[in-house]
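Here the structure is a predicted model, which means the values were calculated and not measured.
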Amino acid sequence: MTTPSGIPGAADDSAELLPIATGARTRAALRTLIRPHRGRAILGLGVLVGATAVGLLVQPLLGRIVDIVADGRPADALTLPVVLLVAVAVVQGLTTTLGLTQIARLGETVLARLREQFVERALQLPADRLERAGAGDLTARVTGDVARVAEAVRSALPEMARSVLAIVLTLGAMALLDVRFLLAALLAVPVQALTARWYVRRATTVYADQRVANGAQQQQLLETIGGAVTVRGHRLEEQHTEKSAARSRKAVELTMRSVHLVLGFYARLHIAEYIGLAAVLVTGFFLVRDGSVSIGTATAAALYFHSLFGPVNAALVLLDDAQSAAAGLARLVGVTDLEESAVRLPHQRAETEAEAGTAPGTTPGAGPQAAPETGTDAATPAPAVTVDAVSHAYGPGRTVLHDVSLTLRAGEHVALVGTSGAGKSTLARLVAGVQQPTGGTVSVAAAGETGPSVVLVTQEVHVFTGTLADDLRLARPDATDDDLRTALATVHALEWAEALPDGLATVVGEGGHRLDPARAQQLALARLVLADPPVAVLDEATAEAGSAGARTLERSAEAALSGRTALVVAHRLTQAVAADRIVVLEAGRVVESGTHDELRTADGPYAALWHAWSGSRAAPHL
């Protein structure tokens, strides 16, 4: 994100972060994700209950051994208790493994679905919404928050389930020995409850703030590194270093607060353990003295309480992971739970209206929108794209388009021309549905038979890691190898593609065979051919080719656009010459519209651009 001055990060403190779900909404979303897997959840918990119940036989068996020794019985009397101890260990180990496996599978399944929902929503977010939030916020959620939730699912969730079951069943077992042992053990509960309450009230805020601070830190680093050339050019190294340091200090400060919080948490837990164990031992002493219970029973009670140290501390300590994971989960659900209208693209709205019985490009309850041009007759192709009184702003005081109206007729190629900052790329993104206008409407009447109605190709092309064939099939997963070769041939890329070490099976992208910018752009144009949309938008899609490859890439673009309605942001005016119509933008407004010959002789803004562009080179052959 850049500020009006063009300096990255100069005014990002007012970023509008993506939403964070409330606790109630997060729990509701979690229940929805778990509901389809109720059977696995019940099975896992049921097996864990059985495993924990079997494990509770250890303490009475040890107490039995104490009684045998205290009564001076023969050594062979120990055989049965020892054999039972071994059997208990084996059965508990097997059932615990099975139960934890089911719980872990449940957690991983739910997490996978949550990730899918997050990615689906994130990919549908309008670009201007992401720009307002900043790349760092989304990056922190995709990386740090997902990792924290995943860690909790893999370790904390199974351990928490086992610990809670152990606590409940152990307390029940103590009551069976003698209810007075249970009452003595419960003396530790007030301290533990107060400790948990003290911790949770502080941890929720600390961890939520920590996630936000980490996102802000990543945002600053991304902007500083991404705009390094501009930062150095304006001698802003010291300013950006201080910004990065300040956000890092904030993140470190919150981390240290969480560390002090955890240390205080542990200290209080140790006090609770001492109180409970002392109470159980004193109770056992008096009960044995009065003959109410045997030494073995008192020993079993003490061992039961001592065995609670692990699960109680684990459950309470896991509050640390749970609070951190809950904060991350709320940030993920905040994105997945965005209102459909907040992420639905304009073209998706048009399709929904059509399903409801309203023709695309119309407003329910009103007649069809009139095209901006007049004088049409039955022989004139119907509008494929209608831009009606569109305005767009990236924030207060940053309006880039003003009341723009434009019609693209079926099969027409329209070139957008204008100086830098005129609003060409913004209008292209609005037509493509990547962003939504802040005023006016964009309607696409055409509908793709099997794919999207509009495809956008920009100069910033990403080559995905994988085989060349897989990269192409992103546009049409069911495409055959012959389809891929046909698409490559269409954009004049088949020759170099088949010359790669493994042809279509060559691994490209990060760590694979490197494609130069011109070939990467041809790959994007081949994907456009495979997607076969009725409307295509090219935003300076040949700008990265350089002078040497410009003509080749322009030929590729012309071939890819053949038979489609096209809006082309012209990087070179040779693209405008070949267009059916040229629209000139100036300061976010349409100032001219016509053919190349009409505008060149009109002595207006386009004529000035043409003379400036062609003055230093031979005029193209027309």
Peer 1: Going by atom types alone, do Thr467 and Asp470 pair a side-chain donor with an acceptor below 3.5 Å?
Peer 2: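 Yes, side-chain donor-acceptor contact under 3.5 Å.
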Peer 1: Once you round to the nearest 0.5 Å, how far does CG of Leu308 lie from OG1 of Thr170?
Peer 2: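 Here the interatomic distance stands at 5.0 Å.
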Peer 1: Rounded to the nearest 0.5 Å, how far apart are CG of Leu187 and CG of Leu277?
Peer 2: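 Spacing of CG (Leu187) from CG (Leu277) equals 12.0 Å.
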Peer 1: On a heavy-atom basis, which atom in Val110 and which in Ile34 lie closest, and how many Å separate them?
Peer 2: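 Heavy-atom minimum between the residues: CG2-CG1, 4.0 Å.
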Peer 1: Before you tell me yes or no, could you show the steps for Leu62 and Leu303 under side-chain contact (heavy atoms from CB on, under 4.5 Å), namely the whole-Å CA-CA distance, both residues' side-chain angles and the distance that decides it to 0.1 Å?
Peer 2: CA-CA 9 Å; Leu62 290 175; Leu303 290 174; 3.8 Å; yes
Peer 1: Begin with the C-alpha distance, continue with both residues' side-chain angles, and end with the deciding distance and a verdict on side-chain contact (heavy atoms from CB on, under 4.5 Å) for Thr195 and Leu269.
Peer 2: CA-CA 7 Å; Thr195 298; Leu269 286 185; 4.2 Å; yes
Peer 1: To the nearest 0.5 Å, tell me how far Leu263 CG sits from Arg268 CZ.
Peer 2: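 The CG atom of Leu263 sits 11.0 Å away from the CZ atom of Arg268.
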Peer 1: Donor-acceptor pairs are to be reported for all side-chain atoms of residues 281-291 against protein atoms at under 3.5 Å, with residues two or more places apart or in another chain.
Peer 2:
{"residue": "Thr283", "atom": "OG1", "partner": "Ala279", "partner atom": "O", "Å": "2.7"}

Peer 1: Considering all heavy atoms of both residues, which atom of Ala298 and which atom of Phe181 are nearest to each other, and what is their separation?
Peer 2: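 Smallest interatomic distance, heavy atoms only, reads CA-CZ, 3.9 Å.
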Peer 1: Give me the atom names and distance for the closest heavy-atom approach of Gln92 to Ala51.
Peer 2: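 Scanning both residues, the minimum pair turns out to be CG-O, 3.5 Å.
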Peer 1: Can you tell me how far CZ of Arg25 sits from OG1 of Thr32, rounded to the nearest 0.5 angstrom?
Peer 2: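 Rounded to the nearest 0.5 Å, the OG1-CZ separation comes out at 6.0 Å.
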Peer 1: Ignoring hydrogens and geometry, is there a side-chain-to-backbone donor-acceptor pair from Arg257 to Glu253 under 3.5 Å?
Peer 2: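 Side chain of Arg257 to backbone of Glu253, a donor-acceptor pair under 3.5 Å: no, none is there.
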Peer 1: In Å, rounded to the nearest 0.5 Å, how long is the span from OG1 of Thr101 to CG of Leu106?
Peer 2: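 One gets 12.5 Å once the value is rounded to the nearest 0.5 Å.
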Peer 1: Suppose we screen for salt bridge (Lys or Arg N to Asp or Glu O under 4.0 Å). Which residues come up paired with Arg249, at least two apart in sequence or across chains?
Peer 2: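 Result, salt bridge (Lys or Arg N to Asp or Glu O under 4.0 Å) vs Arg249: Glu242.
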Peer 1: Check Ile68 against Ala77 and note the closest heavy-atom contact, atom names and distance.
Peer 2: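 Looking at all heavy atoms of both residues, the shortest contact is CD1-O, 3.4 Å.
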Peer 1: Indicate yes or no: does Glu116 engage Arg113 in a salt bridge with an N to O separation below 4.0 Å.
Peer 2: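 Counted as a salt bridge, because a side-chain N and a carboxylate O are separated by less than 4.0 Å.
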Peer 1: Indicate yes or no: at least one non-hydrogen side-chain atom of Asp178 is less than 4.5 angstrom from one of Thr297.
Peer 2: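 With C-beta onward as the side chain, the pair stays apart.
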Peer 1: Please test Phe464 against Leu472 for side-chain contact (heavy atoms from CB on, under 4.5 Å), starting from the C-alpha separation and ending with a verdict.
Peer 2: CA-CA 9 Å; Phe464 293 88; Leu472 288 166; over 6 Å; no
Peer 1: Measure across Ile65 and Leu85 and return the closest heavy-atom pair with its distance rounded to 0.1 Å.
Peer 2: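 Smallest heavy-atom distance, with atoms named: CD1-CD1, 3.9 Å.
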Peer 1: Locate the shortest heavy-atom distance separating Glu510 from Thr465; write the atom from each residue and the value.
Peer 2: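 Minimum heavy-atom separation between Glu510 and Thr465: N-OG1, 3.2 Å.
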Peer 1: CG/Leu33 to OG1/Thr109 distance, rounded to the nearest 0.5 angstrom?
Peer 2: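 One gets 11.0 Å once the value is rounded to the nearest 0.5 Å.
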Peer 1: Any non-hydrogen side-chain atom of Asp471 less than 4.5 Å from a side-chain atom of Val508?
Peer 2: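 Touching, per the 4.5 Å side-chain cut-off.
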